[in-house]
Protein chains: 2
Amino acid sequence: MPKQTFFNLAENKREKLLKAFLMEFSTKSFEDASISAVVKKLGIAKGSIYQYFEDKMDLFFYLKQHCEQVKQSYAKHIKREDYEDFWQFLRALYQEGIKYDMERPLESNFLFALVNQQHSPTMRQFYIEWQQKALDMFTQMIAYEVKIGHFRQDLPPKSMAYVLVTLTTKIGDYMTVTMDVDIQKKLFSGEPILAHNSGKTLLQAVDEHIMILKRAFSKP
Amino acid sequence: MPKQTFFNLAENKREKLLKAFLMEFSTKSFEDASISAVVKKLGIAKGSIYQYFEDKMDLFFYLKQHCEQVKQSYAKHIKREDYEDFWQFLRALYQEGIKYDMERPLESNFLFALVNQQHSPTMRQFYIEWQQKALDMFTQMIAYEVKIGHFRQDLPPKSMAYVLVTLTTKIGDYMTVTMDVDIQKKLFSGEPILAHNSGKTLLQAVDEHIMILKRAFSKP
DNA sequence: AAATATGATGACTGGGCGGTCATTCTTACT
DNA sequence: AGTAAGAATGACCGCCCAGTCATCATATTT
């Protein structure tokens, strides 16, 4: 947990701080991210950071939690029962993701990078936890679709959920490969990734994924 | 390129060296991998390494090339025309992968880890190159399946190839998630990953993937 | 105006790293 | 046995890092 001092800070100072560190952690691995480099760029003393946070991990963890929480608040009002099938629901979830990305690109990019960070045991642990949560959620949803007879019954919901989550996670790569979006550049410049071209690129990618998965999952 | 000195080394010494570094690079990122730590474990002087290689990258690159080359030699005699459909062919490719994994677990694990290394621009570059090669190969193959009327025609082969390659790349994760294989542990202990349970686990994963992709890709 | 509390500072510590190189040791050939 | 070439060594360099802390600056309360 950050120290009280951090929360006493003037809001614009706090935001500048967070932005700078979001950038650093979006473009480097946790180990390579350098507090020294960031404070230099910000023009403040390194000691200050340690008035706000216990250590590097405390800072990182705060960023992670904060971003996840905000993102969650975007997604949580999207409900399956408001859509006539799973795929429209899924599409709507993505659309919220785009909104989050447009409004808070740095945070969105940070989370995006986090999911692709896997080396160093600590980061891998974060990834595994995140994946597990996503898997549980989608496994449950898919089991429901199976139950109501929309999805095939000859495969474990968990396996289907895995395929879905994996492709979802890697959708940035998909955009890079099939649609020439330079994600690495966007991470470094702080531009929105998912919202590239007002989100149209992502939605096209999503629609192609749905075209594939629909056939793969639905009842024959 | 390694220096001549390296190739003059007694074979068992060279192999011990390679094994130790394969281990290090399988369990750490390139940046975090420590030459100092490995030489300490090997009980040799750090200077020696620099008699063999130009620098850290030279060493890494040699390992990468060497492993890729050997692995290629396993796969290259598997030909599409010897199988009656794409999926049997794909399965056979995996079976060669298992063989390689059983015979050279450290090398196999190194390549496995390499593909999951993405932060640090250099490693990302390697990954992108690798992915590009795999994509090109499968795009071509899929285009062929489309042409002979086995696969659907309403999706770009490149998109289908992407889905295939992504799931293929992440099959280790699939095993972890749906079959309780602790891959991280295996990396650290140097046990074969893909050949876990004589490869049966992997083949089951492959078969489940095929069950999904067959429907997704084939003509309606 | 004085006293107190809070925030800001940056020199410093200890540690790890990749990489160097003058020196010593080993081997093999004359 | 003597010599020359190749291999092995490890102290050392320069660099960068996370984290510390005594000191100073500023704001708030009395």
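Naming convention: chains lettered A, B, ... in sequence-line order (proteins, then strands); numbering from 1 in each chain.
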Item to complete: Inspect the contact between K28(A) and E24(A) and indicate whether a charged nitrogen and a carboxylate oxygen are less than 4.0 angstrom apart.
Response: yes
Practice prompt. Taking the six-membered ring for Trp and the full ring for Phe, Tyr or His, determine whether the centres of F60(B) and F110(B) are under 6.0 Å apart.
Written response: yes
Discussion item. Contact list please: residues 7-39 of chain A against DNA chain D, heavy atoms, distance less than 4.0 Å, in numerical order.
Written reply: A33(A), S34(A), I35(A), S36(A)
Worksheet entry | Working for side-chain contact (heavy atoms from CB on, under 4.5 Å), residues F30(A) and F126(A) | CA-CA 12 Å; F30(A) 177 76; F126(A) 284 147; over 6 Å; no
Fill in: Ring centers of F53(B), F21(B) separated by less than 6.0 Å
no
Worksheet item: When we call it a touch if two heavy atoms are under 4.0 Å apart, what does Y52(B) touch: a base, just sugar-phosphate, or nothing?
Response: sugar-phosphate
Practice prompt. Give the C-alpha distance, both sets of side-chain angles, the deciding distance and a yes or no for side-chain contact (heavy atoms from CB on, under 4.5 Å) between D58(A) and Y52(A).
Written response: CA-CA 10 Å; D58(A) 186 38; Y52(A) 311 148; over 6 Å; no
Item to complete: Look at D207(B) together with R91(B) and state whether they make a salt bridge at an N to O cut-off of under 4.0 Å.
Response: yes
Practice prompt. Please figure out whether T5(B) or Q51(A) has its closest DNA chain D nucleotide nearer the 5' end.
Written response: T5(B)
Worksheet item: Which is it for N116(A) and K170(A) under the side-chain contact (heavy atoms from CB on, under 4.5 Å) test, yes or no, and what are the steps along the way?
Response: CA-CA 9 Å; N116(A) 290 303; K170(A) 289 266 155 194; 3.7 Å; yes
Worksheet, complete the sentence: note: I44(A), atom CD1; dG10(C), atom P; distance rounded to Å ~ 11 Å
Discussion item. Checking side-chain polar atoms at under 3.5 Å, does T168(A) have a donor or acceptor matched by the opposite partner on Y94(A)?
Written reply: yes
Worksheet, complete the sentence: Its 5'-most and 3'-most nucleotides having an atom under 4.0 Å from a non-hydrogen atom of chain B, DNA chain D is contacted over dA7(D) to dG10(D)
Discussion item. Rounding to an integer number of Å, can you tell me how far I49(B) CD1 sits from dT20(C) P?
Written reply: 14 Å
Worksheet item: Among residues 53-67 of chain B, which residues get a heavy atom nearer than 4.0 Å to DNA chain D?
Response: none
Discussion item. Under a 4.0 Å threshold between the charged nitrogen and the carboxylate oxygen, would K64(B) count as salt-bridged to E68(B)?
Written reply: yes
Item to complete: For the helix from dA1(C)-dT30(D) to dT30(C)-dA1(D), measure the angle between the helix axis at one end and the axis at the other, each built from five pairs, rounding to 10°.
Response: 10°
Worksheet item: Who pairs with Y174(A) by side-chain hydrogen bond (donor to acceptor under 3.5 Å, both in side chains), at least two apart in sequence or on another chain?
Response: E208(A), S159(B)
Discussion item. When you compare the side chains of Q140(B) and D136(B), does any donor N or O come within less than 3.5 Å of an acceptor on the partner?
Written reply: no
Item to complete: May I have all residue pairs that pass salt bridge (Lys or Arg N to Asp or Glu O under 4.0 Å) and include part of residues 69-80 of chain B, sequence neighbours excluded?
Response: R80(B)-E145(B)
Item to complete: Using a strict cut-off of less than 4.0 Å between a Lys/Arg side-chain nitrogen and an Asp/Glu carboxylate oxygen, indicate whether E129(B) and K133(B) qualify as a salt bridge.
Response: no
Worksheet item: NZ of K40(A) versus P of dA11(C): gap in Å, rounded?
Response: 12 Å
